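The structure appears right after this line, and notes come after that.
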Amino acid sequence: MAASPVRLTNPDKLLWRDISKADLRDYYEAAATRLMPFVANRPLTIIRAPDGFKGEVFYQRHAMKGMSKLIGTVKVKGEPKPYLMITSAEALPALAQIAAVEIHPWASTASALEQPDYLTFDLDPDKGLSFADLRRAAFDMRDYLHRLGLGAFLKVTGGKGLHVVAPLQPRAEWEEAKEFARALVEAMAADKPDAYTTNVRKARRKGRVFLDYLRNGRTATAVAAWSPRAREGAPIAVPIAWSFIEKKRAVPRFTLDRAAAAFKTADPWKDYERACRPLPSLEALKKL
DNA sequence: GCCGGTT
DNA sequence: AACCGGCAACGCCAA
DNA sequence: TTGGCG
């Protein structure tokens, strides 16, 4: 591999307990093939932690002086300042250099910024719920999506929840997609009101799984597949197969320092591109 | 991590 | 020369 | 009305 043109200052500085900036750069380079499809050519919000995840942590969505030229930008209609965007894996070491420990892309690409190309549903279990409860919610979500003709792809977030992602052909606009996502989770909650809630305010109540559709706003973002997380132990968000969680007793956990094994396994999302569908109508949802 | 403004 | 704030934004609720 | 929080 060619030498990186990015100079890493303080390569031994620890960003997690035993994971340095150099380790973060090495991870990004090793993950590039899996990671780039989810972060390239999309406006990005990054979470930076120059003094480690226990120090000051801040979001950044616009370019700043001092950033490598490898980190580009994209003009977004109606926004005064251009957003961060990368177009090639060469930019990943530059992200490590600025201690970008999480990557949160828009759900739309530069070629169609106003039409999202996937929906994300964040399944967030109330404290005390078993993994079986969370898993049931995920399979329930998949069932709804499949009955609507949509694909359903699963990932662990690196936190306590799961993301279910439905790839779209980028036709419908943000507002329509978000309304569809809202209607879908509300249909699920109406069907099993004791198991699910869609209300942020009640998210912590009554031992339910919170079905969060709000990730599907234009400037709202969800963590990218393969992004590290600014949390204890350097967990990473990882695509997983549905069969993988069938017998699990807890949310599977992947960490940055042990990610190499995950790269070797077959991509559980290999059919992702082929699964892109137009956003179904709200009428289709009502008829379920 | 780094810039720019303030002390 | 040292220090410090900024680096997203949106809804909701309590103060 | 504002500030903190998720």
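Chain letters run A, B, ... following the sequence lines, proteins first and then strands; every chain starts at 1. As a basis for the values below, the full set of heavy atoms in this structure was taken, side chains included, without hydrogen atoms, waters or symmetry mates. Small disclaimer: the values here were computed from a predicted structure and weren't measured.
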Taking atom [atom1] in both [N] and [M], what distance in whole Å separates the two?
N	M	atom1	answer
dC4(C)	dG6(D)	C1'	28 Å
dA9(C)	dC3(B)	P	22 Å
dG4(D)	dG5(C)	P	14 Å

How would you give the extent of chain A contacts on DNA chain C, as first and last nucleotide 5' to 3' within a 4.0 Å heavy-atom cut-off?
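That gives a stretch of dG6(C) to dC13(C).
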
Kindly determine whether H163(A) and F121(A) satisfy ring pair (Phe, Tyr, Trp, His ring centres under 6.0 Å), including the steps that lead there.
CA-CA 6 Å; H163(A) 281 176; F121(A) 298 94; 10.0 Å; no

Salt bridge present between D51(A) and K13(A) (N-O < 4.0 angstrom):
yes

Any side-chain heavy-atom pair of T221(A) and W106(A) under 4.5 Å:
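T221(A) vs W106(A): side chains touch.
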
Measure from NZ or CZ of R147(A) to the centre of the six-membered ring of Y144(A), then state whether that distance is under 6.0 Å and the direction lies within 45° of the axis.
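Judged by the rule (NZ or CZ under 6.0 Å from the ring centre, within 45° of its axis), R147(A) counts as positioned above Y144(A).
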
If you count heavy atoms of other groups shown closer than 6.0 angstrom to NZ of K54(A), is the number above 12?
no

Nucleotide by nucleotide, nucleotides 1-7 of chain B touches protein heavy atoms under 4.0 Å in the pattern (B base, S sugar-phosphate only, - none) BSSS---

Under the criterion salt bridge (Lys or Arg N to Asp or Glu O under 4.0 Å), I'd like the reasoning laid out for E175(A) against K178(A): C-alpha separation, chi angles, the key distance, then a yes or no.
CA-CA 5 Å; E175(A) 200 49 40; K178(A) 186 176 170 184; 5.5 Å; no

Would you say the side-chain atoms of T9(A) and Q97(A) include a donor-acceptor pair closer than 3.5 Å?
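Side chains of T9(A) and Q97(A): pair found under 3.5 Å.
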
For residues 249-260 of chain A, tabulate all N or O donor-acceptor pairs below 3.5 Å that involve a side-chain atom, not counting sequence neighbours.
from	atom 1	to	atom 2	distance (Å)
R253(A)	NH2	E232(A)	O	3.1
T255(A)	OG1	D257(A)	OD1	2.9

